[in-house]
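Let me begin by presenting the structure, written as structure tokens, before commenting on it.
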Amino acid sequence: MVKNKLFQKILFVAIFIGCCGFVFGNSQVEDAKTKRTTMVTHAKSYIGVPYVYGGLDRTGIDCSGLIYTVARDSIKLQLPRTVAALYGFVKIIPDNQKEAGDLVFFKTVGDKISHVGIYVGNNQFIHAASDGPNTGVILSSLNESYWKEHYFAVGQILPSTIIVSQPSLAGNSTTSEGNPTNILS
């Protein structure tokens with residue numbers, strides 16, 4: 001009888017902690033989702049702004065200035081100002097885990113990382129282009145031959161919104177499909 005009551009108390013505590021972790025975890029995911037959406041929406045408002053090297057506002061902006069300004073003004077996140085410093089700051093993630101609000105990096109000048117944009121989903125990104133048929137802040141596709149050829153990496157500045165189910169008491173730790181779920185889709 002004593003062992004049974006002890007087991008019940010342990011089980012109750014385990015379930016309580018598990019539920020609290022799920023609730024707090026969902027709160028963090030929802031916060032990240034909101035920040036990602038806010039950042040992407042704000043970035044879209046810059047489409048059409050002309051490219052100006054070193055620019056930081058709507059009169060003219062460069063690629064890293066766009067990231068710097070959008071993050072600062074939309075979600076109050078202070079980021080480094082240059083492409084190289086941004087690349088050093090982010091958490092590099094596998095390409096198949098990129099989400100709207102992540103940063104995409106390119107090697108457009110030799111073998112150095114020299115361009116950055118904000119991934120917005122559906123293989124598209126917003127960036128300030130300095131050259132080519134369209135300049136200024138534009139929406140481009142990662143499928144375009146130029147960007148596909150120069151694409152290098154994706155990095156996170158905000159927590160992921162991909163939820164992987166918590167292990168159950170039975171030890172099961174995957175989603176029903178065996179994959180993480182992206183709640184931003």
Side-chain angles (χ1 to χ4, degrees), residues 13-47 63-64 66-80 82-107 113 115-128 137-144 147-185:
V13 170
I15 291 171
F16 177 77
I17 291 171
C19 288
C20 289
F22 181 73
V23 169
F24 294 132
N26 277 350
S27 173
Q28 291 171 344
V29 168
E30 287 303 315
D31 182 53
K33 181 180 177 183
T34 299
K35 286 181 178 178
R36 286 171 175 276
T37 301
T38 299
M39 190 171 134
V40 167
T41 300
H42 192 69
K44 287 179 179 178
S45 75
Y46 276 79
I47 291 176
C63 68
S64 59
L66 177 67
I67 308 304
Y68 176 87
T69 301
V70 165
R72 181 194 66 202
D73 294 351
S74 66
I75 60 172
K76 310 301 181 225
L77 179 62
Q78 190 68 47
L79 293 175
T82 67
V83 174
L86 282 167
Y87 182 74
F89 178 83
V90 300
K91 175 186 174 188
I92 301 301
I93 60 170
D95 191 59
N96 66 353
Q97 292 179 14
K98 70 181 172 291
E99 303 174 66
D102 288 336
L103 304 184
V104 287
F105 293 91
F106 303 86
K107 290 184 175 181
I113 296 166
H115 191 67
V116 64
I118 301 171
Y119 184 71
V120 298
N122 297 322
N123 254 4
Q124 296 184 320
F125 65 104
I126 293 175
H127 60 120
V137 180
I138 60 175
L139 184 65
S140 295
S141 173
L142 292 170
N143 295 328
E144 292 174 36
W147 297 115
K148 195 174 210 175
E149 178 183 335
H150 292 91
Y151 178 78
F152 183 70
V154 60
Q156 286 181 335
I157 57 172
L158 292 168
S160 176
T161 63
I162 297 173
I163 299 174
V164 178
S165 67
Q166 299 289 325
S168 70
L169 293 177
N172 203 357
S173 62
T174 60
T175 61
S176 60
E177 297 82 27
N179 298 315
T181 305
N182 185 338
I183 64 168
L184 254 189
S185 298

Test side chain to side chain donor-acceptor pair (under 3.5 Å) applied to [X] - qualifying residues, sequence neighbours left out:
X    : answer
K148 : none
Y151 : D95
Y68  : Q78

**Fill in**
On a heavy-atom basis, the closest approach of F105 and G155 is CE1-N, 4.2 Å
Below 4.5 Å, heavy atoms only, C-beta onward: do [X] and [Y] meet side chain to side chain?
X    : Y    : value
F106 : V83  : no
R36  : M39  : no
V104 : W147 : no
K35  : L77  : no

For [X], give me all partners under side chain to side chain contact (heavy atoms under 4.5 Å, CB included), at least two apart in sequence or on another chain.
X    : result
T38  : T34, S74, I75
E149 : none
T82  : A84, A85
I93  : K91, Q97, D102, V154, Q156

About how many Å separate [atom2] of [Y] and [atom1] of [X], when rounded to the nearest 0.5 Å?
X    : Y    : atom1 : atom2 : value
K98  : L103 : NZ    : CG    : 13.0 Å
L79  : I157 : CG    : CD1   : 5.0 Å
T161 : E99  : OG1   : CD    : 3.5 Å

Sequence neighbours left out, cut at 3.5 Å: what donor-acceptor pairs do the side chains of residues 116-128 make with other protein atoms?
from: Y119; atom 1: OH; to: N122; atom 2: N; distance (Å): 3.4
from: Y119; atom 1: OH; to: N123; atom 2: N; distance (Å): 3.0
from: N123; atom 1: ND2; to: N143; atom 2: OD1; distance (Å): 3.0
from: H127; atom 1: ND1; to: H115; atom 2: NE2; distance (Å): 2.8
from: H127; atom 1: NE2; to: S140; atom 2: OG; distance (Å): 2.7

